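Worksheet: one structure, shown below.
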Amino acid sequence: MSDITLNAPKLFDLTGQVALVTGAGSGIGQRIAIGLAQCGADVALLDRRTDDGLAMTAHHIKAAGRRSIEIAADVTSKTSLADAVARTEAELGNLSLAVNAAGIANANPAEDMDEDQYQTLMDINLKGVFLSSQAEARAMLKHGRGAIVNIASMSGVIVNRGLSQAHYNASKAGVIHMSKSMAMEWVDRGIRVNTISPGYTATPMNTRPEMVHQTKLFEEQTPMQRMAKVDEMVGPAVFLLSDAASFVTGVDLLVDGGFCCW
Ligand SMILES: NC(=O)c1ccc[n+]([C@@H]2O[C@H](COP(=O)([O-])OP(=O)(O)OC[C@H]3O[C@@H](n4cnc5c(N)ncnc54)[C@H](O)[C@@H]3O)[C@@H](O)[C@H]2O)c1
């Protein structure tokens with residue numbers, strides 16, 4: 001029998017939850033971190049940036065009436081991530097939500113790419129997401145409850161026309177399948193794991209020199225004829241983390257303006 005007293009809008013309420021967001025000093029991670037706070041969560045903000053990125057995120061979270069802590073750390077460091085989770089739990093409470101958005105992008109033809117360029121990107125984009133999810137899940141498994149969203153990319157599903165980034169595309173395909181695998185390992189222990197795969201999104205990542213001339217092409221190639229705004233990643237993240245997605249795990253949610261349909 002269904003429960004008709006269910007308050008549907010409350011399904012998206014994150015009040016009382018504690019989140020950790022990596023890559024929270026810029027772009028997609030920053031906007032999602034603020035969005036989680038606007039839905040009621042307290043948020044630990046992790047980034048390796050040393051500029052005022054994290055402080056800016058924290059400022060908006062305070063304005064939303066929620067608490068945050070700033071953690072300067074690198075997602076390639078297992079011990080830093082364990083410390084970050086411990087600090088989050090000590091200062092904000094039991095960790096129940098996580099978004100792993102830290103990542104880098106660059107390009108080079110495969111025949112020219114040296115091993116260092118390949119390995120550095122893989123270490124951040126794929127191993128970093130693994131180590132982050134592992135540290136977060138270790139805490140969540142103790143509480144028997146949690147939801148993790150890893151930020152992959154439509155580049156994990158398609159090959160971006162005109163961009164020589166075999167390592168990036170492979171890292172994102174890896175994030176998608178690794179997240180499904182972790183979702184199944186933890187499926188009967190209260191932890192859900194899903195991915196969001198954004199299409200072309202207007203963030204500092206797309207202002208790197210080799211990308212600037214591509215922006216117009218990105219808009220033309222996207223069925224909606226524009227790039228995403230970071231604001232448009234908030235709804236999908238809140239959905240996947242919230243009780244609204246209580247039966248959703250192991251899913252890759254493409255948020256791409258229709259890109260992968262064509
Ligand atoms: N912008 C896009 O078009 C787009 C599309 C699909 C997927 N993505 C993915 O979204 C995520 C966020 O990208 P963005 O566009 O917001 O880029 P961004 O550069 O604005 O933000 C990425 C953040 O991650 C941080 N970071 C990078 N390496 C780190 C490390 N080793 N440890 C800790 N922090 C680190 C950076 O300092 C930065 O603040 C990335 O995983 C990216 O691959 C972006």
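Start at 1 and go down the list; that is how both ligands and their atoms are numbered. The structure presented is a predicted model; accordingly, all values stated were derived computationally and were not measured.
Using a 3.5 Å distance cut-off with no hydrogens or angles, the side chains of Asp252 and Thr195 do pair a donor with an acceptor. Side-chain contact of Gln117 with Asn106: a donor-acceptor pair under 3.5 Å is present, judged by distance alone. When only modelled atom types and interatomic distance are considered, His167 and Asn125 share no side-chain donor-acceptor pair under 3.5 Å.
The nearest heavy-atom contact from the protein to atom 20 (O) of ligand 1 is Ser26 OG, 2.6 Å. For atom 16 (O) of ligand 1, the closest heavy atom belonging to the protein is Ile28 N, 2.8 Å. Of all protein heavy atoms, the one closest to atom 10 (O) of ligand 1 is Ile151 CG2, 3.3 Å. The protein heavy atom nearest to atom 28 (N) of ligand 1 is Arg48 NE, 3.3 Å. Scanning the protein heavy atoms around atom 27 (C) of ligand 1, the nearest turns out to be Gly103 O, 3.5 Å. Nearest protein heavy-atom contact of atom 3 (O) of ligand 1 is Thr201 N, 2.9 Å.
Closest approach of Asp47 to Leu54, counting heavy atoms only: CB-CD2, 3.7 Å. Across every non-hydrogen atom of Arg67 and Asp42, the tightest pair is N-OD1, 2.9 Å. Scanning all heavy atoms of the two residues, the minimum distance from Leu36 to Ala19 falls at CD1-CB, 3.8 Å.
Residue Tyr200 is tested with Thr222, Asn160, Asp256 for a side chain to side chain donor-acceptor pair (under 3.5 Å); the sole match is Asn160. Residue Leu45 forms a side chain to side chain contact (heavy atoms under 4.5 Å, CB included) with just one option from Leu20, Ile34, Ile61, and that option is Ile61.
In this structure, Glu220 places its CD atom where more than 12 heavy-atom neighbours from other residues, nucleotides or ligands lie under 6.0 Å away.
Counting heavy atoms closer than 4.0 Å to ligand 1, residue Ala152 contributes backbone atoms (N, CA, C, O) but none from C-beta onward. Contacts of Lys172 with ligand 1, taken as heavy-atom pairs under 4.0 Å, involve the side chain alone. Using a 4.0 Å cut-off between heavy atoms, Ala73 contacts ligand 1 through its backbone alone, with no side-chain atom that close.
Remark: distances from the non-hydrogen atoms of Ala101 to ligand 1 include one below 4.0 Å. Residue contact annotation: Pro204 has a non-hydrogen atom under 4.0 Å from ligand 1. Under the 4.0 angstrom criterion for non-hydrogen atoms, Tyr168 is in contact with ligand 1. The closest approach between any non-hydrogen atom of Gly199 and ligand 1 is below 4.0 Å.
For Thr203, a nitrogen or oxygen atom sits less than 3.5 Å from a nitrogen or oxygen atom of ligand 1, counting backbone and side chain alike. Close N/O approach between Met154 and ligand 1 is not found [any backbone or side-chain N/O within under 3.5 Å]. Below 3.5 Å of separation, one finds no N or O of Gly25 facing any N or O of ligand 1. Taking distance alone, with nitrogen or oxygen atoms compared against 3.5 Å, Ser153 stays at or beyond that limit from ligand 1. Looking at ligand 1, you won't find any N or O of Asn125 less than 3.5 Å from one of its N or O atoms.
A salt bridge links Glu232 to Arg226: one of the charged nitrogens lies within less than 4.0 Å of a carboxylate oxygen.
By heavy-atom distance, the residue among Lys127, Gln30, Met205, Arg31 lying nearest atom 13 (O) of ligand 1 is Met205. Closest to atom 23 (C) of ligand 1 by heavy atom, among Asp47, Thr50, Asn100, Val175, is Asp47.
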